**Student:** 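The structure that follows is given in the form of structure tokens.
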Amino acid sequence: MKRVLLVEDEKNLARFIELELKHEGYEVKVAYDGREGLQVALDENWDVILLDLMLPKLNGLEVCRRLRQEKETPIIMITARDSIMDRVSGLDHGADDYVVKPFAIEELLARLRAIFRRIEYTEPKTAALTTYKFRDLVLEKESRLVKKGGKIIDLTKREYDLLLALLENKNIVMTREALLNKVWGYETEVETNVVDVYIRYLRNKIDTDGEDSYIQTVRGTGYVMRE
């Protein structure tokens with residue numbers, strides 16, 4: 001039986017969705033505010049989370065962002081806002097899909113089925129995980145997780161891609177041009193000094209004061225993570 005966590009503060013709507021999902025054979029639990037929803041999402045294992053955007057105590061975007069630091073549970077965002085920016089913001093914060101209120105329950109059920117089809121299709125491909133380790137840093141490629149001493153480090157997409165490029169070429173000096181092409185793409189018009197800026201951002205997040213930087217500067221050339 002698939003387990004669904006519904007985080008929705010409109011109690012009448014939450015009750016309606018809960019009953020419909022149970023009728024379809026899902027196990028359902030309801031949380032009525034963002035803080036409770038985040039805690040329940042972290043404490044238990046769920047097959048999918050239905051997350052309202054506008055929640056008391058902690059809004060849906062923040063719940064989604066924090067949850068993504070710990071888990072990859074599929075999230076469908078429920079929003080009363082039908083603007084492109086709200087939808088984009090939800091997806092950028094880690095949501096897998098969204099439905100706009102008011103919605104027909106058939107649409108929600110179809111989106112749930114689509115989520116589970118994607119999971120079943122990709123599961124065999126994600127069995128073997130690629131992990132890079134350097135000192136107390138661990139990068140899990142498929143889950144895009146970076147940990148330092150077991151604690152998750154929150155990186156932007158550029159910071160993550162930059163760290164991955166350096167770890168994939170450990171002990172090899174990477175020129176600024178090579179890093180620019182690897183992270184930003186060959187067609188980019190960005191200047192090479194943007195690499196220096198993002199190296200600084202990355203160091204601020206992963207380095208520890210008083211200890212050698214994880215990323216060494218090779219003067220006049222570029223950067224390297226050298227053991």
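Since the model is a prediction, treat every value here as computed from it, not as a measurement.
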**Student:** For residues Tyr201 and Leu162: do they belong to one hydrophobic cluster (side chain heavy atoms under 4.5 Å, members Ile, Leu, Val, Met, Phe, Trp, Tyr)?
**Tutor:**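 Linked, Tyr201 and Leu162 end up in one cluster.
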
**Student:** What verdict does the side chain to side chain contact (heavy atoms under 4.5 Å, CB included) test give for Arg111 and Val99, after you've listed the backbone C-alpha separation in whole Å, the side-chain angles of each residue and the deciding distance to 0.1 Å?
**Tutor:** CA-CA 8 Å; Arg111 291 182 182 275; Val99 290; 3.0 Å; yes

**Student:** Distance-only, no hydrogens or angles: does the Arg176 side chain make a donor-acceptor pair with backbone N or O of Val195 under 3.5 Å?
**Tutor:**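 Not confirmed, Arg176 side chain does not pair with Val195 backbone.
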
**Student:** Less than 4.5 Å apart, side chain to side chain, heavy atoms only: is that true for Val146 and Leu163?
**Tutor:**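 Yes; the side chains approach each other to less than 4.5 Å.
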
**Student:** Please walk me through it: do Gln69 and Arg65 pass side chain to side chain contact (heavy atoms under 4.5 Å, CB included)?
**Tutor:** CA-CA 7 Å; Gln69 295 178 354; Arg65 187 189 71 80; 2.8 Å; yes

**Student:** What pair of heavy atoms forms the shortest contact from Ile49 to Ala41, and how long is it?
**Tutor:**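 Minimum heavy-atom contact is CD1-CB, 3.8 Å.
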
**Student:** Return yes if some donor-acceptor pair links the side-chain N/O of Asp33 with the main-chain N/O of Leu58 below 3.5 Å, else return no.
**Tutor:**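 Checking the backbone N and O of Leu58 against the side chain of Asp33, no donor-acceptor pair under 3.5 Å is found.
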
**Student:** Any chain of hydrophobic side-chain contacts (each under 4.5 Å) joining Val138 to Leu202?
**Tutor:**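 Val138 does not cluster with Leu202.
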
**Student:** Under the side chain to side chain contact (heavy atoms under 4.5 Å, CB included) rule, what do Lys29 and Trp46 come out as? Steps first, then yes or no, please.
**Tutor:** CA-CA 10 Å; Lys29 186 169 185 176; Trp46 303 96; 3.4 Å; yes

**Student:** To the nearest 0.5 Å, what is the distance between CG (Leu167) and OG1 (Thr131)?
**Tutor:**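 Atom-to-atom, Leu167:CG and Thr131:OG1 are 11.0 Å apart.
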
**Student:** As an exercise, state the distance from OG of Ser143 to CD of Glu72, rounded to the nearest 0.5 Å.
**Tutor:**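 Taking OG in Ser143 and CD in Glu72, the distance rounds to 6.0 Å.
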
**Student:** So how far is it from Leu50 CG to Ile78 CD1, rounded to the nearest 0.5 Å?
**Tutor:**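 Going from CG on Leu50 over to CD1 on Ile78, the span is 5.0 Å.
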
**Student:** Taking the side chain from Asn59 and the backbone from Glu62, do they hold a donor-acceptor pair closer than 3.5 Å?
**Tutor:**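 Pair found, side chain donor or acceptor close to backbone of Glu62.
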
**Student:** Are any of the side-chain heavy atoms of Leu166 and Ile199 separated by less than 4.5 Å?
**Tutor:**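 Leu166 reaches Ile199 side chain to side chain.
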
**Student:** Quick check: does any side chain N or O of Asp96 sit under 3.5 Å from a backbone N or O of Ile75, one acting as donor and the other as acceptor?
**Tutor:**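 Between the backbone of Ile75 and the side chain of Asp96 there is a qualifying donor-acceptor contact (under 3.5 Å).
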
**Student:** Has Thr175 got a side-chain atom pairing as donor or acceptor with Ala178's backbone, closer than 3.5 angstrom?
**Tutor:**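 Indeed, once roles are kept as given, a pair shorter than 3.5 Å links the two residues.
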
**Student:** Between Lys22 and Glu27 (salt bridge meaning N to carboxylate O under 4.0 Å), is one present in this structure?
**Tutor:**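 Salt bridge absent between Lys22 and Glu27.
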
**Student:** Just so I know, are the side chains of Leu137 and Ile206 near enough to count as touching, which here means a heavy-atom distance under 4.5 Å?
**Tutor:**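 Yes, close enough: below the 4.5 Å cut-off.
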
**Student:** Are Asp47 and Pro74 side-chain neighbours, meaning at least one heavy-atom pair lies under 4.5 Å?
**Tutor:**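 Asp47 does not reach Pro74 side chain to side chain.
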
**Student:** Between CG of Leu112 and CG of Leu21, what distance do you get to the nearest 0.5 Å?
**Tutor:**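 Here the rounded value is 6.0 Å.
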
**Student:** Give the cluster check for Leu180 versus Val218: same hydrophobic cluster or not, with ILVMFWY residues linked at side-chain heavy-atom distances below 4.5 Å.
**Tutor:**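 The answer is no; the residues belong to distinct hydrophobic clusters.
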
**Student:** With rounding to the nearest 0.5 angstrom, report the CG to CG distance, Leu55 to Leu38.
**Tutor:**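 These two atoms lie 11.0 Å from each other.
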
**Student:** Checking Thr217 side chain against Arg219 main chain: does a donor-acceptor pair fall under 3.5 Å?
**Tutor:**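 It does not hold such a pair.
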
**Student:** Tell me whether Lys205 is salt-bridged to Glu159, with the criterion being a basic N under 4.0 Å from an acidic carboxylate O.
**Tutor:**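 Salt bridge between Lys205 and Glu159, a charged N being under 4.0 Å from a carboxylate O: yes.
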
**Student:** Could you work out, with salt bridge (Lys or Arg N to Asp or Glu O under 4.0 Å) as the rule, every residue matching Lys148, not counting sequence neighbours?
**Tutor:**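 Listed in chain order: nothing, the list is empty.
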
**Student:** Give the minimum heavy-atom separation between Arg158 and Tyr198, together with the two atoms involved.
**Tutor:**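 In this case the closest contact between Arg158 and Tyr198 is CB-CE2, 3.5 Å.
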
**Student:** Are the side chains of Tyr160 and Lys141 in touch, meaning some heavy atoms are under 4.5 Å apart?
**Tutor:**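 Of all side-chain heavy-atom pairs linking Lys141 with Tyr160, at least one is under 4.5 Å.
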
**Student:** Give a yes or no on whether a salt bridge exists between Lys57 and Glu36, defined as a side-chain N under 4.0 angstrom from a carboxylate O.
**Tutor:**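 No, no charged N to carboxylate O under 4.0 Å.
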
**Student:** Are the side chains of Val48 and Phe116 in touch, meaning some heavy atoms are under 4.5 Å apart?
**Tutor:**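 Of all side-chain heavy-atom pairs linking Phe116 with Val48, at least one is under 4.5 Å.
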
**Student:** Side-chain donor-acceptor pair under 3.5 Å between Asp196 and Tyr223, yes or no?
**Tutor:**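 Tyr223 and Asp196 do have a side-chain donor-acceptor pair below 3.5 Å.
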
**Student:** Show your reasoning for whether salt bridge (charged side-chain N to carboxylate O under 4.0 Å, His left out) applies to Asp161 and Arg144.
**Tutor:** CA-CA 9 Å; Asp161 289 344; Arg144 296 184 69 86; 3.3 Å; yes

**Student:** Please find the pair of heavy atoms, one from Glu227 and one from Asn171, that lie closest to each other, and give the distance.
**Tutor:**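 Looking at all heavy atoms of both residues, the closest pair is N-OD1, 2.8 Å.
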
**Student:** To the nearest 0.5 Å, what is the distance between CG (Leu145) and CG (Leu139)?
**Tutor:**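 Going from CG on Leu145 over to CG on Leu139, the span is 8.5 Å.
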
**Student:** Please answer whether the main-chain N or O of Asn45 pairs with a side-chain N or O of Arg3 as donor and acceptor at a distance below 3.5 Å.
**Tutor:**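 Looks like yes, one N/O pair under 3.5 Å.
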
**Student:** Salt-bridged, Lys101 to Glu8, with N to O below 4.0 Å?
**Tutor:**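 So Lys101 pairs with Glu8 through a salt bridge.
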
**Student:** Would you check, one step at a time, whether the test salt bridge (charged side-chain N to carboxylate O under 4.0 Å, His left out) holds for Arg66 with Glu70?
**Tutor:** CA-CA 7 Å; Arg66 296 190 190 183; Glu70 303 287 340; over 6 Å; no

**Student:** Could you pull out the closest heavy-atom pair between Val30 and Ala14, with the gap in Å?
**Tutor:**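 For Val30 and Ala14, the tightest heavy-atom pair comes out as CG1-CB, 4.0 Å.
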
**Student:** Write down the atom of Leu5, the atom of Gly37, and the distance for their closest heavy-atom approach.
**Tutor:**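 Of all heavy-atom pairs spanning Leu5 and Gly37, the closest is CD2-O, 3.8 Å.
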
**Student:** Is Arg68 reaching over with its side chain to a backbone N or O of Lys71, donor-acceptor style, under 3.5 angstrom?
**Tutor:**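 Judged by distance alone, yes, a pair lies under 3.5 Å.
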
**Student:** Linking I/L/V/M/F/W/Y whenever their side-chain heavy atoms sit closer than 4.5 Å, directly or via other members, would Phe103 and Phe16 fall into one cluster?
**Tutor:**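 Yes, same cluster.
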
**Student:** Answer with yes or no whether the hydrophobic clustering places Ile115 together with Leu109; edges join I, L, V, M, F, W, Y residues whose side-chain heavy atoms lie under 4.5 Å apart.
**Tutor:**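 As far as the 4.5 Å side-chain criterion goes, Leu109 and Ile115 are connected within one cluster.
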
**Student:** Using every non-hydrogen atom in the two residues, find where Leu6 and Glu18 come nearest and quote the distance to one decimal.
**Tutor:**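 What the structure gives for the nearest pair is CD2-N, 4.4 Å.
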
**Student:** Centre of Tyr132's six-membered ring, under 6.0 Å away, within 45 degrees of the axis: is that where NZ or CZ of Lys170 sits?
**Tutor:**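 No, Lys170 and Tyr132 do not form such a contact.
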
**Student:** Does CG in Asn204 sit with more than 12 non-hydrogen atoms of other residues, nucleotides or ligands closer than 6.0 Å?
**Tutor:**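 Counting other residues, nucleotides and ligands, CG of Asn204 exceeds 12 neighbours.
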
**Student:** Would you check if Ile76 and Tyr98 make a side-chain contact, meaning some heavy-atom pair closer than 4.5 Å?
**Tutor:**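 A side-chain contact is absent here, since even the closest heavy-atom pair is not under 4.5 Å.
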
**Student:** Between Tyr214 and Arg135, is there a cation-pi geometry (under 6.0 Å to ring centre, at most 45° from the normal)?
**Tutor:**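 Satisfied, under 6.0 Å and within 45°.
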
**Student:** Any side-chain heavy-atom pair from Val224 and Ile172 closer than 4.5 angstrom?
**Tutor:**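 The answer is no; the side chains never approach within 4.5 Å.
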
